[in-house]
Amino acid sequence: MRRYNLSNTDFAEKVYREVRRIKKGQIATYKEIALAIGKPMSFRAVGNALNKNASKTVPCHRVVKSDLSVGGFNRGTKEKIKRLSSEGIRIKNGKIVSR
DNA sequence: AGGGTGACCCGCT
DNA sequence: CAGCGGGCCACCC
């Protein structure tokens with residue numbers, strides 16, 4: 001399957017804008033982002049935007065699932081966990097222990 | 001215009 | 001408590 005650039009779309013822009021707001025050591029869920037951009041039911045597409053783009057100007061590693069499990073990551077789940085750990089976020093068995 | 005994909009979510013079994 | 005199924009959305013061919 002091919003990856004496409006969604007970074008040019010208005011939707012993705014909104015998503016990135018919100019994700020950039022997340023401060024170091026903090027996390028947000030896909031659903032929260034969707035809600036923040038005014039589309040509570042677009043959590044699916046939110047994950048898409050992050051996956052397709054994976055910009056480094058956006059801390060996509062701070063975005064996790066609603067149940068606080070790590071979720072996916074383009075560069076590998078391990079990397080995601082590493083980064084989160086580096087920011088002081090504790091992860092237990094693939095799940096976020098504390099915000 | 002229709003079908004297929006994906007870093008998801010929720011409820012029911 | 002874990003697993004399955006159905007339902008959302010945006011985007012590409």
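Chain A is the first sequence line, chain B the second, and so forth, proteins listed ahead of strands; every chain is numbered from 1. Since the model is a prediction, treat every value here as computed from it, not as a measurement.
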To the nearest 0.5 Å, what is the distance between [atom1] ([X]) and [atom2] ([Y])?
X       : Y       : atom1 : atom2 : answer
A:Leu50 : A:Leu6  : CG    : CG    : 10.0 Å
A:Ser86 : A:Glu79 : OG    : CD    : 8.5 Å
A:Lys92 : A:Leu68 : NZ    : CG    : 15.0 Å
A:Thr77 : A:Lys82 : OG1   : NZ    : 12.5 Å
A:Ile27 : A:Ile96 : CD1   : CD1   : 4.5 Å
A:Lys23 : A:Gln26 : NZ    : CD    : 6.0 Å

Could you check which residues of residues 90-99 of chain A get a heavy atom under 4.0 Å from DNA chain B? Sort them by number, please.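 When residues 90-99 of chain A is checked for heavy atoms under 4.0 Å from DNA chain B, there are no hits whatsoever.
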For DNA chain B, what residues of residues 8-22 of chain A have any heavy atom nearer than 4.0 Å?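 Contacts with DNA chain B under 4.0 Å: none.
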Can you check the [X] [atom1] to [N] [atom2] distance for me, whole Å?
X       : N      : atom1 : atom2 : answer
A:Phe73 : B:dC8  : CZ    : P     : 13 Å
A:Lys78 : B:dA7  : NZ    : P     : 16 Å
A:Arg83 : B:dA7  : CZ    : C1'   : 14 Å
A:Asn5  : C:dA10 : CG    : P     : 18 Å

Is a donor from one side chain sitting under 3.5 angstrom from an acceptor on the other, for A:Asn51 and A:Asn74?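 The criterion, which ignores hydrogens and geometry beyond distance, is satisfied for A:Asn74 and A:Asn51.
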Test of understanding: with side chain to side chain donor-acceptor pair (under 3.5 Å), list the residues that count as partners of A:Asn93, not counting sequence neighbours. none
Could you measure between the two P atoms, the one in C:dC8 and the one in B:dC12, and give it in whole Å?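 Here C:dC8 and B:dC12 have their P atoms 15 Å from each other.
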Under 3.5 Å, is there a donor-acceptor pair between the side chain of A:Ser85 and the main chain of A:Ile81?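 Here the side-chain-to-backbone pair exists.
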So does A:Arg44 reach the base of B:dC8 with its side chain, donor to acceptor, closer than 3.5 Å?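 Between B:dC8 and A:Arg44, which were checked side chain against base, a qualifying N/O pair under 3.5 Å is present.
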Looking at the side chain of A:Lys52, which of C:dA10, B:dA7, B:dG6 is the nearest nucleotide? B:dG6
Using a heavy-atom cut-off of 4.0 Å across all strands, would you classify A:Leu6 as base, sugar-phosphate, or nothing?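 Sugar-phosphate, no base atom in range.
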Counting only pairs under 3.5 Å, give me each side-chain donor-acceptor contact of residues 29-40 of chain A, with atom names and distances, residues two or more places apart or in other chains.
residue : atom : partner : partner atom : Å
A:Thr29 : OG1  : A:Glu32 : N            : 3.0

Side chain to side chain contact (heavy atoms under 4.5 Å, CB included) partners for A:Lys24, two or more places apart: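 By the side chain to side chain contact (heavy atoms under 4.5 Å, CB included) rule, A:Lys24 matches A:Arg62, A:Glu87.
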Just the table, please: protein N/O against nucleotides 9-13 of chain B N/O, every pair under 3.5 Å.
residue : atom : partner : partner atom : Å
B:dC9   : OP1  : A:Ser66 : N            : 2.9
B:dC9   : OP1  : A:Ser66 : OG           : 2.5
B:dC9   : OP2  : A:Ser66 : N            : 3.4
B:dC10  : OP1  : A:Lys31 : NZ           : 2.6

Is there a side-chain polar atom (N or O) of A:Asn51 under 4.0 Å from OP1 or OP2 of B:dA7?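 Indeed, a polar side-chain atom of A:Asn51 lies that close.
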